[in-house]
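Predicted model only: the values in this text are computed from it and were never measured. Throughout, protein chains are lettered first and strands after them, A, B, ... in sequence-line order, and every chain is numbered starting at 1. Below, all heavy atoms of this structure are taken into account, side chains as well, without hydrogens, waters or symmetry copies.
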Amino acid sequence: MIRFIDVTKVYANGVVGLAGANLHVGKGEFAFIVGESGSGKSTLLKLITREETPNTGEVQVNGYNVHAMGRWEVPLLRRSLGMVFQDFRLLPNRTAYENVAFAMQMVESLPREIRRQVPLALGLVGLGKKARSYPSQLSGGEQQRVVLARALVNNPAVLIADEPTGNLDPKTSWEIMNLLDEVNQRGTTVLVATHEKNIVDAMKKRVISLERGTIISDAEKGRYEHED
Amino acid sequence: MIRFIDVTKVYANGVVGLAGANLHVGKGEFAFIVGESGSGKSTLLKLITREETPNTGEVQVNGYNVHAMGRWEVPLLRRSLGMVFQDFRLLPNRTAYENVAFAMQMVESLPREIRRQVPLALGLVGLGKKARSYPSQLSGGEQQRVVLARALVNNPAVLIADEPTGNLDPKTSWEIMNLLDEVNQRGTTVLVATHEKNIVDAMKKRVISLERGTIISDAEKGRYEHED
Amino acid sequence: MKIRTMRLLSREGVSNVVKNKLMSLASIGTVVIALLLLGLVLLVAINVKSNMDQMRKELEVLVFLNIDINDLDREAIKAYIREREAAGEVASWKYESKEDAYRNLQASFSDPALLKGMTSDQMAESFSIRLANPEDGAHFIEPLSQMPGIQPEPDGINYPQQTLERITGFADILNTVTLALMGIMLVISVFIISNTIRLTVFARRKEIEIMRHVGALDSFIRMPFFVEGIVIGILSAAAAFLLTWRGYGWTHDTLNLMLADLGFGMFILVPFEPVGMRIVLLYFIIGMAIGGIGSLISVRKHLNV
Amino acid sequence: MKIRTMRLLSREGVSNVVKNKLMSLASIGTVVIALLLLGLVLLVAINVKSNMDQMRKELEVLVFLNIDINDLDREAIKAYIREREAAGEVASWKYESKEDAYRNLQASFSDPALLKGMTSDQMAESFSIRLANPEDGAHFIEPLSQMPGIQPEPDGINYPQQTLERITGFADILNTVTLALMGIMLVISVFIISNTIRLTVFARRKEIEIMRHVGALDSFIRMPFFVEGIVIGILSAAAAFLLTWRGYGWTHDTLNLMLADLGFGMFILVPFEPVGMRIVLLYFIIGMAIGGIGSLISVRKHLNV
Ligand SMILES: Nc1ncnc2c1ncn2[C@@H]1O[C@H](COP(=O)(O)OP(=O)(O)OP(=O)(O)O)[C@@H](O)[C@H]1O
Ligand SMILES: Nc1ncnc2c1ncn2[C@@H]1O[C@H](COP(=O)(O)OP(=O)(O)OP(=O)(O)O)[C@@H](O)[C@H]1O
Ligand SMILES: [Mg+2]
Ligand SMILES: [Mg+2]
C-alpha cells in the first residue's frame, strides 16, 4: 500500500526532515509512528500526502510514485486518503456538519448519502450534538475530532493521522484510538503519529520509531520506547 | 492572585462554558486544570486573560476586576500574564527569535536585555538551534515551545498555559513541566490546563477538575482522576 | 463535474458574495468606478462627435456669379447642381439673387447711411450648396470651376476647406484621445479590480488550502470564485448603469439649459436613450469579463502553491 | 511610547511596505490612480480658467463718436478716459481716426469696388478701451454715456456685456463643476483606498490579534500601520507626480501644436511649472492624509474586536 524507498527530505533551510527512510506498510495494516518532537513524524506523513516532495528516493502509494504524479492527479490521491493534521484546518465559515459534508461533496457523493453519513461520522467521534457549531465555537479537542470525522467520512483506503489525540483527555483519546482500530478492522490502512505512550504500549500494534529523521526501529507489537 | 466569584460563562449560542465557578489561586501557587474535552478548561483560562468576559460573577486578577477594566488597561493586564494557548499563534513572518523578542519589545525592554534574555528563553525550551527558523519551518511541538519561550521571557507574575505539551512526546513533556515547576519555584503563579495524566499524577500539585463547566473537585496534591 | 456539484459550487459562489460583504462591496465599488470612468469617456466622446458632425453638415459651398452673368450660364450651373443633387451628392442648395444679397448686406450694417451710393446691381448672385458628404468637396467643385459665368479666383467658389479640415482634424484627434483614454481606463480598471480580487483571494488562501486538502479538483476550487466574480461583475454593471443613467440624465438637462442660457444653443448633449443600450451592453460585458477572468487568474496563483 | 519603541515600530512599518509587496503595490496603485484623477480635474480646470481669463481681458469697450464731432467734445472724452486710466480702471486704450476706420473697412472687403462712392468722411471715429476689471463696465460707461459728441443709442457705446456675461457664467459653471468633480474624485479615492487598506488589514488581522495577545498597547499596534500608510502615501504621491509631470508635458506639447495647426492658436495649455508646485503639495498632502488616516481607521475596527 505505502512504500518508502531510500527517501530523504532536506528542507530548503538545510534541516534534515527524513534521512534515507525505507518502509513498507501493507494494505489493512495499523502502524504507530513515534519519536521526539522534531524527529520527522509529520515530515514522513506529509511525504505520503504529497504536501512535501522528497529530495531523493521514491514514495509509493498503491504502487504509484507520488512524486512523479501530475498536478491534476494530486486531488485523486488525496481522495483515497483520509487526513488529520496537527493544525486542525477547518473552514471557519462552515459548521462542523458542513465541514464534514464538504469532504463528501468534493468527491461528488449523492446528497442522500451525505445526509446519512455525516451525522454518523460526527456521532462516531462523539460530536453529534455539536453539528451546528462553527469551528470558533468548539474547544480544541472538539475541533480535532471534527477533522477526524471528516477524514473518516469517505471511507478512505488509507487514514493518515498526525497526533489525532494531541488535545484530548485520556478517556477521549482512548475512545478515538479504539475508533481508529475499528476502522482498521474494516480494512482501512491506518498510520498514526502520536505521543500517547500509554496507548501505544497497551495497543500492541506495529510501532515505527524515528530519531532525528532516521527510522531507528520498526517492531510488530512494539512499545513506545523501543528496545535495541 | 486570581479569584473567581460565582463566575458563569454562557456562549452566544447557548453553550455553557463555565457554570458558577468559585476559585482562588494564591500568589506563587501551581495548579493543574483537568477535565474532558469540552469541559471548560480553556474557557476558564480565557476569562482570566479577558479573551472572554463572564455573564455573571467576577474574575479578579491581583485584586482587580478583569471584567470592569477599560479597554486600554487590557494590554497592561496581559503584560503581567504569560500566555500559552492551544492554537499556537506565532507571527508567521518572524523567526522564532524575533517572535520571542517581540514580546519584550512590546513592554519596551532595553535592546541589551532583549539580546540577553531571548536566547536564554529559547535555550530553556530546547530550541537554541532553531532561533532563525520561521514558524512554518518548525514542527508542531517546536512551535508550541516557541510560544512557551515567549510567555516566559518577560518573567510574568502569572503563567497561563493551555495544554502546553499537547504536541510533545513524553520526554519533552516532562522537561517542559519541570521547567514550569522551576519557574514556579522562582515565584511565578502557574496555571496549566493539561491532559497529561501521568505527569499530573506524578507531580503531586494542586489539581482543579472540571466537568461540563462545573468545578467538581479541587485538591492539593491531587490526581488526574479525582476521588469523590 | 456533475450538474449537482456545479449547482452546489455556484450557490457557494453566490452566497460568498453575501457572506464576504466587506470584500464584495470593495470589489463592486472598484468595478463600478472603473465602469463609470469608461462610461464617462465614452459619453464625452459621443457628445463631442455628435456636435461636430452637426457642424460639418452645416458647411456650405458658396458660388458667386459674375455681376454681368447671362441667363444661359446661370441655367447651366443650376443644371449641374440639380444633376449632382439627383446623384445624391448634394443634400440641399439655395439660390441668392442680387436683391437678396443687397437686403442681407443692408441688414448687416446698423447704419444704412454706410450703404449710401450702393445699389443691388453692384451685388453678385450666388448659390449656397450643402454637400451630402463634406469630404467630397473637391470632387464637386472641380467641374464647377471650369464653367463660365463664375467669378475668377479667389472669390468665385468659396468652400470652407480649412474649417472642414479643422473639424476633421479635431475629430481625428478626438478619436485617438478617446481610444487612448478608454485604453488607459481599461488598464486602470483591470488593475484596480485584479488588485481587489487578488486581495480577497489572498485573504481566503487558507480556504483554498483546505479545499485542496480534502481532495477538491482544481476546477471545483475555481468554480465558486469564478461565479463570485461574475456575480460581482453583474451587480457592478447594474449599479454603474443606474448611476450613469441618472447622472447623465441630470447632466443632460442641466447642461443643455445652461448652454442655451449662455447662447451656445448650437451645442447640445445628445439624449441618453439611443446610446443607453450600447452602454448597458458594454458595462455588462466588461463587468462580467473583468470579474470572471480576474478571479480565475487570481485563484490560479494560489492553486499553484 | 519610548523613542526606541517608536523607531522600532516605524522601521517595522517601513519594512512591511517591502514585505507585503502585493498589498503595498495594490495600495500604491489605487492611491496613484486617485491622485491622478484629482490632478486631471485640477489641470483641466486651471487650463479652461486661464484661457477664459485671457478672453475676458481681451474684451473692449467701443465708443463711436458723432461723424460731425467737434474737437472740444473729443478732448473731453479723451480726458475722461485718461483720468480713469490714472485711477487704474483702464488697462489700455486706443483711438481710431476716420482714416483708420476707412482703411480697416477697405481691408475687410475683398472687392474694393464694393466701397465705391464711400469716403472716409462717412466713417466714425472711435475709442477702444480695455478695462482693468471687465466686470466694472457699467461703472465706467455710465458717466461716458452722458457726454456730448457720442453717437446716440444703440450704436454709440458698444460693450460686449453679453459676451462677458457668457464668459462669467461659464466660469461660474466651471468652478462649480470642478469643485463637484474634485469632491467626487476625493470620495472615490478615499473609497478605493480605504477598501484596499481595509483588505490589507483584514488579511493581517491574525497579526493584530497576536500583538494584542502579547500585551501590545493599541498605540503600538497602530504605529506600524500608520507609518505604512504614510509611506504608501508618499510613494504614491511621488509616482503620481512623476506621471502627471511627464503626461502633462507631453499633452501640453502635442495639444498646443495641434491647436495651433487647426487655427485655435488663441487657446493654449498653460505650462506645467507654475502649477506644478501646487500639484506636488496637493498630492503629498492628500496622499499622506489618505494613507495615514485610512490605515488608522481600518486598524481601529480590528482593535475593537
Ligand atoms: N517547512 C520546513 N522548513 C524547514 N524545516 C522544517 C520544515 N518543516 C519541518 N522542519 C524541521 O524538520 C524537522 C522535522 O519536523 P517534523 O514536523 O517532521 O517533526 P515532528 O516529528 O512532526 O515533530 P512534532 O512532534 O513536534 O510535531 C524539525 O526539526 C523541523 O524544525
Ligand atoms: N466561542 C464559543 N462559542 C460557543 N461555544 C463555545 C465557544 N468556545 C467554546 N465553546 C464551547 O464551550 C465548551 C467548553 O469549551 P472549552 O474550550 O472551554 O473546552 P476545553 O475544556 O478547553 O476543551 P479541550 O480540552 O477540547 O480544549 C465546549 O462545549 C465548546 O464547544
Ligand atoms: Mg509533527
Ligand atoms: Mg481547550
Side-chain angles (χ1 to χ4, degrees), chain B residues 45-46 49-52 61 69-95 98-114 121 134-135 143 146-158 160 162, chain D residues 1-27 199-228 231-232 295-305:
Chain B
L45 297 181
K46 282 179 188 163
T49 62
R50 207 189 186 235
E51 307 212 19
E52 299 287 355
V61 174
M69 271 181 186
R71 255 188 56 67
W72 60 274
E73 286 174 293
V74 175
L76 303 178
L77 165 72
R78 300 248 169 103
R79 285 168 178 206
S80 70
L81 305 173
M83 303 190 283
V84 178
F85 275 106
Q86 264 172 307
D87 41 354
F88 319 122
R89 301 202 213 179
L90 291 170
L91 290 166
N93 51 357
R94 284 168 200 262
T95 63
E98 288 164 354
N99 261 287
V100 177
F102 187 64
M104 293 193 74
Q105 287 162 347
M106 285 305 102
V107 298
E108 310 204 275
S109 307
L110 289 170
R112 188 162 14 97
E113 277 295 294
I114 296 178
Y134 287 91
Q143 288 180 42
V146 176
V147 175
L148 184 62
R150 186 179 65 190
L152 291 174
V153 79
N154 282 331
N155 286 316
V158 184
I160 308 276
D162 198 355
Chain D
M1 200 186 297
K2 299 205 174 105
I3 300 285
R4 107 172 138 267
T5 312
M6 210 143 157
R7 230 178 24 220
L8 175 90
L9 294 171
S10 304
R11 216 178 314 122
E12 174 84 11
V14 174
S15 89
N16 274 348
V17 177
V18 183
K19 272 192 191 162
N20 306 313
K21 263 191 222 77
L22 166 72
M23 295 183 185
S24 303
L25 281 179
S27 310
L199 287 177
T200 64
V201 174
F202 180 74
R204 283 159 70 188
R205 66 198 182 285
K206 277 265 169 255
E207 232 170 282
I208 294 176
E209 219 173 74
I210 294 172
M211 290 178 90
R212 283 181 63 76
H213 182 77
V214 296
L217 298 178
D218 285 358
S219 57
F220 288 20
I221 297 177
R222 259 185 240 119
M223 189 76 188
F225 283 98
F226 182 67
V227 172
E228 197 175 335
V231 169
I232 283 174
S295 54
L296 282 187
I297 291 173
S298 311
V299 174
R300 200 178 51 174
K301 253 193 57 179
H302 284 273
L303 287 181
N304 287 332
V305 175

Asker: Where on B:R94 is there a heavy atom nearer than 4.5 Å to chain D: the side chain, the backbone, both, or neither?
Answerer: side chain
Asker: With a 4.5 Å cut-off on side-chain heavy atoms, are D:H213 and B:R150 touching?
Answerer: yes
Asker: Return the minimal non-hydrogen interatomic distance between B:S109 and D:R4, and the atom names on each side.
Answerer: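 Smallest heavy-atom distance, with atoms named: O-NE, 3.1 Å.
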Asker: How many angstroms lie between CZ in B:R89 and CE in D:M211, if you round to the nearest 0.5 Å?
Answerer: 14.5 Å
Asker: Sort B:N93 into side chain, backbone, both or neither according to what part of it lies under 4.5 angstrom from a heavy atom of chain D.
Answerer: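 Contact with chain D involves both backbone and side-chain atoms of B:N93.
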Asker: Measure the shortest side-chain to side-chain distance between D:F220 and B:Q105 over non-hydrogen atoms and say whether it is less than 4.5 angstrom.
Answerer: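 Side-chain contact under 4.5 Å: no.
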Asker: Is D:I221 in contact with chain B via its backbone, its side chain, both, or neither, using a 4.5 Å heavy-atom distance?
Answerer: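 Neither; nothing under 4.5 Å.
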Asker: Can you give the donor-acceptor pairs under 3.5 Å from side chains of residues 73-85 of chain B to other protein atoms, not counting sequence neighbours?
Answerer:
from  : atom 1 : to     : atom 2 : distance (Å)
B:E73 : OE1    : B:G70  : N      : 2.8
B:R78 : NE     : B:T49  : O      : 3.0
B:R78 : NH1    : D:R212 : O      : 3.2
B:R78 : NH2    : B:T49  : O      : 3.3
B:R79 : NE     : D:G215 : O      : 2.8
B:R79 : NH2    : B:M106 : O      : 2.7
B:S80 : OG     : B:L77  : O      : 2.7

Asker: Can you name the side-chain hydrogen bond (donor to acceptor under 3.5 Å, both in side chains) partners of B:N99, sequence neighbours left out?
Answerer: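 With neighbours one apart ignored, the set is empty.
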Asker: Using heavy-atom distances under 4.5 Å, tell me whether D:L217 contacts chain B through its side chain, its backbone, both, or neither.
Answerer: both
